Visitor: 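Mind having a look at this structure? Questions to follow.
Here the structure is a predicted model, which means the values were calculated and not measured.
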Amino acid sequence: MFSRNEIRERLLYAIPMFWQDIKEMKNHHDRSAEELALFAVEFFRYVDSRSALTADVQKLIKWEVMLGIPVDTSKSLSERRSVVIAKLRGIGTVTKELVKLTAESFEFGEVEVIDGDGTVTIRFVSELGLPPDLSDIQKALRDIVPAHLEILYDFKYNTYDVVKAAYGTYNDLTASGLTYTEILTSDLGGA
């Protein structure tokens, strides 16, 4: 976005040189630059409010209603926005890339899509454990993947070798105070 001074400079270059020193033209450019700067701020605010990526609560509700998504105010704004974006991405011909984009729109890192004989496997490769909004991911993918294909999910956890390398002995591991879930899903430096 341009500042008022940048707009004024651009306006000055748009007129002949001999007009640039006329007091009335300078005044006109100052007023025009001020109005254009205000217009730019309002224009970008308007555009941002209409985008699903930056919509506030009220605009997000409009997106959800328009796309037929149940409005669930118990979910965070980020989770609701992910559902809207996934639904928008899921419109069109279903390809491996579309399934990947839809799954990755849920803020849980990268996924690999592996198509098999009558199955589609979604492998979460960059984050450990289960996504917090797994049910939303499953629903969004079920909406776009053809019904005759089974969708399988493959999650990433720490292996025995990673845990052993991080803690060495069972006594060291128990002394850490980690729960079983934390052992499987915490970054131990080798996953």
Visitor: Taking the side chain as every heavy atom from C-beta outward, state whether Leu130 and Tyr157 have any atom pair closer than 4.5 Å.
Guide: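 They are in contact (side-chain heavy atoms under 4.5 Å apart), so the answer is yes.
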Visitor: Does Phe155 reach the side chain of Leu128, with side-chain heavy atoms less than 4.5 Å apart?
Guide: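 Phe155 does not reach Leu128 side chain to side chain.
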Visitor: According to a hydrophobic-cluster definition based on side-chain heavy atoms being under 4.5 Å apart (Ile, Leu, Val, Met, Phe, Trp, Tyr only), do Val99 and Leu152 belong together?
Guide: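 The answer is no; the residues belong to distinct hydrophobic clusters.
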Visitor: Same cluster or not: Val71 versus Val57, using hydrophobic residues (I, L, V, M, F, W, Y) connected whenever any side-chain heavy atoms lie under 4.5 Å apart?
Guide: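 Yes; tracing contacts between hydrophobic side chains, which count when under 4.5 Å, links both residues.
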Visitor: Do NZ/NE/NH1/NH2 and the carboxylate oxygens of Asp72 and Arg80 come within less than 4.0 Å?
Guide: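 A salt bridge is absent here (no side-chain N lies under 4.0 Å from a carboxylate O).
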Visitor: So Phe39 and Phe43, would you call those rings parallel, tilted or perpendicular, with 30° and 60° as cut-offs?
Guide: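 The arrangement is parallel - the two ring planes meet at less than 30°.
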Visitor: Quick one: closest heavy-atom pair of Thr102 and Ala140, and the distance?
Guide: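 Residues Thr102 and Ala140, closest heavy atoms: CG2-CB, 4.1 Å.
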Visitor: Hydrophobic clustering (ILVMFWY, side-chain heavy atoms < 4.5 Å, transitive) - are Val125 and Ile151 grouped together?
Guide: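 Shared cluster, no.
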Visitor: Side chains of Val113 and Val120: closer than 4.5 Å at any heavy-atom pair?
Guide: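 Val113 vs Val120: side chains touch.
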Visitor: Establish whether Leu88 and Leu77 are linked, either directly or via other cluster members, by ILVMFWY side-chain heavy-atom contacts under 4.5 Å.
Guide: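 Yes; Leu77 is reachable from Leu88 via cluster members.
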Visitor: Hey, is CD on Glu110 packed in by over 12 heavy atoms from elsewhere, all under 6.0 Å?
Guide: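 Not more than 12 within 6.0 Å, no.
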Visitor: If you take all heavy atoms of Glu182 and Ser186, which pair is closest and at what distance?
Guide: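 Here Glu182 and Ser186 meet closest at O-OG, 2.6 Å.
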Visitor: Which distance, rounded to the nearest 0.5 Å, do you find between the CG of Asp136 and the CG of Leu134?
Guide: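 Rounded to the nearest 0.5 Å, the CG-CG separation comes out at 9.0 Å.
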Visitor: With rounding to the nearest 0.5 Å, note down the distance linking CG in Asp154 to CZ in Arg123.
Guide: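 Rounded to the nearest 0.5 Å, the CG-CZ separation comes out at 4.5 Å.
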Visitor: Taking the side chain from Lys100 and the backbone from Val111, do they hold a donor-acceptor pair closer than 3.5 Å?
Guide: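 Yes, Lys100 side chain to Val111 backbone: donor-acceptor pair under 3.5 Å.
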Visitor: Say you draw a straight line from CZ of Arg142 to CD1 of Ile137; how long is it, rounded to the nearest 0.5 Å?
Guide: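 Answer for the CZ-CD1 pair, Arg142 versus Ile137, is 15.0 Å.
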Visitor: Is it true that Asp133 and Lys75 have a side-chain N and a carboxylate O under 4.0 angstrom from each other?
Guide: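 Salt bridge absent between Asp133 and Lys75.
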Visitor: Is the backbone of Ser105 close enough, under 3.5 Å, to the side chain of Ser82 for a donor and an acceptor to pair up by distance?
Guide: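 Confirmed, Ser82 side chain pairs with Ser105 backbone.
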Visitor: Which atom pair, heavy atoms only, marks the closest approach of Val84 to Ala52?
Guide: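 Closest heavy-atom pair between Val84 and Ala52: CG1-CB, 3.8 Å.
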Visitor: Please examine the side chains of Val163 and Leu188, heavy atoms only from C-beta on, and report whether any two atoms are closer than 4.5 Å.
Guide: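 Side chain of Leu188 against side chain of Val163, heavy atoms only: contact under 4.5 Å found.
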Visitor: Would Asn158 and Ile183 count as a side chain to side chain contact (heavy atoms under 4.5 Å, CB included) if you check the C-alpha gap in whole Å, the side-chain angles of each, and the deciding distance to 0.1 Å?
Guide: CA-CA 7 Å; Asn158 285 320; Ile183 292 168; 5.7 Å; no
Visitor: Report whether Leu101 and Val94 are members of the same hydrophobic cluster (ILVMFWY, side-chain heavy atoms less than 4.5 Å apart, transitive linking).
Guide: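 In one cluster with Leu101: Val94, no.
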Visitor: Which value, rounded to the nearest 0.5 Å, describes the distance between Ser51 atom OG and Arg81 atom CZ?
Guide: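 Rounded to the nearest 0.5 Å, the OG-CZ separation comes to 8.5 Å.
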Visitor: Looking only at heavy atoms, what is the nearest atom pair of Ser126 and Gly109, with distance?
Guide: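 The pair with the smallest heavy-atom distance is OG-CA, 3.1 Å.
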Visitor: Please tell me if the side chains of Pro131 and Phe124 come closer than 4.5 Å, counting only heavy atoms from C-beta onward.
Guide: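 Side chain of Pro131 against side chain of Phe124, heavy atoms only: contact under 4.5 Å found.
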Visitor: Please round to the nearest 0.5 Å and tell me the distance separating atom CD of Glu150 and atom CG of Asp117.
Guide: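 Result: 11.0 Å between the selected atoms.
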Visitor: Among residues two or more places apart or on two chains, list those pairs meeting side chain to side chain donor-acceptor pair (under 3.5 Å) that have a residue in residues 164-173.
Guide: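 Every pair satisfying side chain to side chain donor-acceptor pair (under 3.5 Å) with a residue in residues 164-173: Thr169-Asp172.
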Visitor: Roughly how far apart are Glu104 CD and Ile122 CD1, rounded to 0.5 Å?
Guide: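 These two atoms lie 10.0 Å from each other.
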Visitor: Side chains of residues 11-28: which donor-acceptor partners sit under 3.5 Å, not counting sequence neighbours?
Guide:
{"from": "Gln20", "atom 1": "NE2", "to": "Leu12", "atom 2": "O", "distance (Å)": "2.7"}
{"from": "Asn27", "atom 1": "OD1", "to": "Arg31", "atom 2": "NH1", "distance (Å)": "2.7"}

